Amino acid sequence: MNKIYRLHCGLILILSLFFLSCSSGSAPQTGATPTVTQHVATAQLVYTADWSKGLDEWKPSKGWKVVKNYLETQVLPDLSITLPYTPKTPDYAIEFRLQVVSVPANGGHYRLAAAKDGEKDGYTAEVLGLLAGDSHTYAVHPLMETLIEPQENMGSAQPQVFDFEPGDEWRTYRVEVRGPRVEFLVNERRMSGATSIQSKQLSQKQITLECSRIVARVSDFRVYEYK
């Protein structure tokens, strides 16, 4: 009996040592984990439009007027105003609020556009094909799109929105430019975008706001730079 007991205890001891050695061999190594610090560019407000002294510095076409603290357009084709501020950084955002008051006839539009500047491609962020009254028919809706100018330099142009209805409420529009990419947001929601295959950076100059054949109101026009 004593021999069996001693044999049993010895076997338990051997198995214990075996499992202990296996456990220590497979234990994970501990040590300091290297910390990776990523720089996230922040948007800084650098320009706010002030129309209280008129529109002279905006070089407006015919059809714009200042009403209280916003701009209002007449029902004329191809109205435009030019931003009097040039972003100082290649990555920037332009934000404004716009209300479509009325669309007297089909085909009205509004857009923010930057002209091509040397080797830097331009872009257009627009809402077009606005429809008057109850003239909506099946599969016919305004289009919201973002394009690279010239368009032959455009690579990815997704997504685009083929049934965007702005309605008559105030909406906040934001155009973000980062490297070769431009994106169009509405009420903080990313709606459409496009990327240049030619330019590493997009244009920062001759940025215009255009309206055509609608009555629109514009307010809170701001420029942000990413630093």
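Keep in mind that this is a model prediction, so the values were computed, not measured.
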At what distance, to the nearest 0.5 angstrom, does [atom1] of [X] lie from [atom2] of [Y]?
X	Y	atom1	atom2	value
Thr82	Ile207	OG1	CD1	10.0 Å
Lys65	Tyr70	NZ	OH	8.5 Å
Leu112	Thr146	CG	OG1	10.5 Å
Ser192	Glu126	OG	CD	9.0 Å
Ser212	Tyr110	OG	OH	13.0 Å
Glu169	Leu98	CD	CG	11.5 Å

Taking all non-hydrogen atoms of both residues into account, name the closest pair between [X] and [Y] and its distance.
X	Y	answer
Glu145	Phe184	O-CD2, 4.2 Å
Asn69	Trp51	O-CE3, 4.1 Å
Met154	Ala194	SD-CB, 3.9 Å
Ser203	Ala115	OG-O, 2.7 Å
Gln74	Leu79	O-CD2, 3.9 Å
Pro84	Glu57	CB-O, 3.5 Å

If you take the centroid of each ring, where Trp contributes its six-membered ring, are Trp58 and Trp64 closer together than 6.0 Å?
no
Counterpart residues, side chain to side chain contact (heavy atoms under 4.5 Å, CB included), relative to Pro150 (two or more places apart)
Lys116, Asp121, Glu152, Asn153
Close side-chain approach of [X] to [Y], heavy-atom, < 4.5 Å:
X	Y	answer
Asn187	Tyr173	no
Ile81	Leu71	yes
Pro166	Leu130	yes
Val175	Val182	yes
Val127	Arg111	no

Take atom NZ in Lys88; do more than 12 heavy atoms of anything else shown fall under 6.0 Å from it?
yes
Assigning hydrophobic clusters by single linkage (Ile, Leu, Val, Met, Phe, Trp, Tyr; side-chain heavy-atom cutoff under 4.5 Å), is [X] placed with [Y]?
X	Y	result
Val218	Val186	yes
Leu185	Tyr92	no
Val103	Trp170	no
Tyr224	Phe96	no
Val66	Tyr85	yes

Tyr226-Glu176 side chain donor-acceptor pair, cut-off 3.5 Å:
yes
Do we see a donor-acceptor contact under 3.5 Å between the side chains of His141 and Glu165?
yes
Could you go step by step and tell me if Tyr123 and Val177 meet the side-chain contact (heavy atoms from CB on, under 4.5 Å) rule?
CA-CA 9 Å; Tyr123 60 82; Val177 176; 3.7 Å; yes
Working note: Tyr47 + Leu83, criterion side-chain contact (heavy atoms from CB on, under 4.5 Å); need CA distance, chi angles, decisive distance, verdict.
CA-CA 10 Å; Tyr47 178 84; Leu83 176 65; 3.9 Å; yes
Please check this pair: side chain of [X] against backbone of [Y], looking for a donor-acceptor N/O pair closer than 3.5 Å.
X	Y	result
Ser199	Leu202	no
Thr89	Asp91	yes
Gln99	Asp168	yes
Thr73	Ile214	yes
Thr172	Arg97	no
Thr208	Glu210	no

Looking at Glu183 and Arg181, is any side-chain nitrogen of the basic one under 4.0 Å from a carboxylate oxygen of the acidic one?
yes
Regarding Glu188 and Arg174, does a basic nitrogen lie under 4.0 Å from an acidic carboxylate oxygen?
no
Take Glu72 and Val215 through the test side-chain contact (heavy atoms from CB on, under 4.5 Å) and record every step on the way to the result.
CA-CA 7 Å; Glu72 186 171 289; Val215 177; 4.2 Å; yes
Identified side-chain hydrogen bond (donor to acceptor under 3.5 Å, both in side chains) counterpart of Lys120 within the set Gln201, Gln198, Gln204:
Gln204
